[in-house]
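Accompanying notes for the structure given below.
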Amino acid sequence: MSIFEYAPAPESRAVVDIKESYGLFVNGEFTPGGGASFKTVNPATEEVLAEVAEADAADVDRAVKAARKAYDKVWGPMPGRERAKYLYRIARIIQERSRELAVLESIDNGKPIKESRDVDVPTVAAHFFYYAGWADKLEHSGYGTTPIGVAGQVIPWNFPLLMLAWKVAPALACGNTVVLKPAETTPLTALLFAEICQQADLPPGVVNILTGAGETGRAIVEHPGVDKVAFTGSTEVGKAIARAVAGTDKRVTLELGGKAANIVFDDAPMDQAVEGIVNGIFFNQGHVCCAGSRLLVQESVAEEVLERLKRRMGTLRVGDPLDKNTDVGAINSAGQLARIRELSDIGEAEGAERWSAPCELPTSGYWFAPTLFTGVSQAHRIAREEIFGPVLSVLTFRTPSEAVEKANNTPYGLSAGIWTEKGSRILEVAGQLRAGVVWANTFNKFDPTSPFGGYKESGYGREGGRHGLAAYLKGGQA
Ligand code: NAD
């Protein structure tokens, strides 16, 4: 039981209108799919929310042809300043409908409303505003002004709308058209985004949304009419995609998994560091590719940090994602919950010591209490594999070089955090970390102007900022 008691403060579900069934968004219209359908559920309650069409190969072909036609006839030839107007319009509608989008995201994904309302949706709007600004300034991008063509984009379930924005906004700004597939457990906000495209009068075929699972994703990636593949998801599927497009002319960007080190030195401001550790791993239930899932704490302060951390974890409010007080929501799916449980059990079997925050979990839905492991060694699977849940592994170090060595001892290289009072130490350590993003005295900060992406098995290519244009212009690298 939390030491604080709060009266429930539920956000209204009535602001969203969830339909019983959804078709595919192709050529500006919702159309039935030719294939099967699947159900999307609320992970906090296991309630079935809607029946959603599963796009088959013929649907993918239809969508790619619509995207090609729109690229050739309308969107490709359109001057950048005109494209910008559509992107600004989409950004403004996202702001106008932000409450609806946030509630729907929390219902379909399980994330707390305070995160979807204050982080996801504002960052989505900011992304569209930012890339709208680039559309008529591409000659200053450094990558030329020529778009690539039709982009096939496949995204995961942890930030459904935000990953959509990261993919769609730069692609459209550069003059490409898109066929996008949301993840099978979180299709609803992408379908609401399709409605927003209609509301913005976006020309038909510029954005096509195909719902479905891995097979649909594979059909998009392998379709010969797709010129560019943009994928965010697991390293395993990323490798399969890299193999599938090898030997073709398709360009590829891959944003994959991570196992970030959050490094706390003995001179770190303790209260801020503890908040940063909590934010690093429990934000979005730990379903974050750049989550600070490995805490590296300097031995001399390890005991103090752990004591404070446990006390802080005990105050996290776990429960109803639509309650405005909730800090940690539901695990996104039964499958993901099973993976988190399995790896945590392995952690214990390997000899690490498990501690979970004392909290009452709801009886239906998918839940996992905020958990940490101490006594973790580098060889343990919980220290090496991505858990993608609210589970922190704690390791200690004595010297900065040992911290760097341990932080880099991973096949991933997406992000890292450094907590210290010394600016010179931040620069010295950050320069040695093989990670695409390094935060200092903060964590999980995202801004559309700042490029994001990985090294090693975390993928290649960058999203966000000027660098994010490279993936969607012929003169770019990716
Ligand atoms: P996943 O790879 O299983 O699925 C991602 C998407 O790919 C889904 O839409 C899925 O339907 C689709 N897919 C599955 N098989 C496919 C195939 N053979 N061909 C084409 N598409 C296919 O990943 P997930 O479990 O949904 O997401 C979690 C993973 O995503 C984690 O590893 C996380 O680190 C990673 N992620 C990375 C970033 C980043 O920016 N680097 C951001 C968010 C998530």
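Both counts, for ligands and for their atoms, begin at 1 and track the order of listing.
Contact check on R97 versus E100 returns a salt bridge, with a Lys/Arg side-chain nitrogen under 4.0 Å from an Asp/Glu carboxylate oxygen. Taking the charged nitrogens against the carboxylate oxygens, D61 and K65 do have a contact shorter than 4.0 Å, which makes a salt bridge.
Checked options R68, R251, K474; the residue passing with D227 is R68 (criterion: salt bridge (charged side-chain N to carboxylate O under 4.0 Å, His left out)).
Among all protein heavy atoms, the one lying closest to atom 39 (C) of ligand 1 is C289 SG, 3.2 Å. Remark: minimum distance from atom 32 (O) of ligand 1 to any protein heavy atom is reached at E386 OE1, 2.6 Å. Scanning the protein heavy atoms around atom 22 (C) of ligand 1, the nearest turns out to be V237 CG1, 3.7 Å. Of the protein's heavy atoms, E184 OE1, 3.6 Å lies nearest to atom 10 (C) of ligand 1. Atom 9 (O) of ligand 1 has as its closest protein heavy atom I155 O, 2.8 Å. The protein heavy atom nearest to atom 40 (O) of ligand 1 is E255 CB, 3.2 Å. For atom 37 (C) of ligand 1, the closest heavy atom belonging to the protein is L256 O, 2.9 Å. When only non-hydrogen protein atoms are considered, atom 43 (C) of ligand 1 lies nearest to N158 ND2, 3.1 Å.
Side-chain atoms of R62 and T31 form a donor-acceptor pair, as typed in the model, at a separation below 3.5 Å. Between the side chains of S37 and E51, at least one donor N or O sits under 3.5 Å from an acceptor N or O. T185 and N332 form a side-chain donor-acceptor contact under 3.5 Å, judged by distance and modelled atom types alone. A side-chain donor-acceptor contact under 3.5 Å links K228 and T253. In this structure, a donor-acceptor pair under 3.5 Å is absent between the side chains of S450 and K445.
Applying the ring-ring contact (aromatic ring centres under 6.0 Å, His included) rule to pairs touching residues 28-66 yields F25-F30, sequence neighbours excluded.
Here is the list of ligand 1 atoms found below 4.0 Å of a heavy atom in V154: 6 (C), 7 (O), 9 (O), 12 (C), 21 (N). In the vicinity of K181, heavy-atom distances shorter than 4.0 Å reach the ligand 1 atoms 8 (C), 9 (O), 10 (C), 11 (O). Listed by number with element, the atoms of ligand 1 under 4.0 Å from a non-hydrogen atom of L414 are 41 (N). Those atoms of ligand 1 with a heavy atom of F452 less than 4.0 angstrom away are 40 (O). Of all atoms in ligand 1, listed by their number and element, those nearer than 4.0 Å to a heavy atom of A183 are 9 (O).
Residue contacts with ligand 1 for F388 involve side-chain atoms from C-beta outward but no N, CA, C or O (heavy atoms, distance under 4.0 Å).
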Side chains of residues 384-391: which donor-acceptor partners sit under 3.5 Å, not counting sequence neighbours?
residue	atom	partner	partner atom	Å
R384	NH1	Q378	O	3.3
E385	OE1	R381	NH2	3.3
E385	OE2	R381	NE	2.6
E386	OE2	G258	N	3.0

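The aromatic rings of Y131 and H127 sit tilted, their planes meeting at an angle between 30° and 60°.
With distances taken over non-hydrogen atoms, the option nearest atom 13 (N) of ligand 1 out of G461, G217, S333, G214 is G214. Taking only non-hydrogen atoms, the option from G257, G233, A240, G335 nearest to atom 30 (O) of ligand 1 is G233. When Y412, F231, W166, W157 are checked for heavy-atom proximity to atom 7 (O) of ligand 1, F231 turns out nearest. Closest heavy-atom approach to atom 5 (C) of ligand 1 within the set T232, T253, L254: this belongs to T232.
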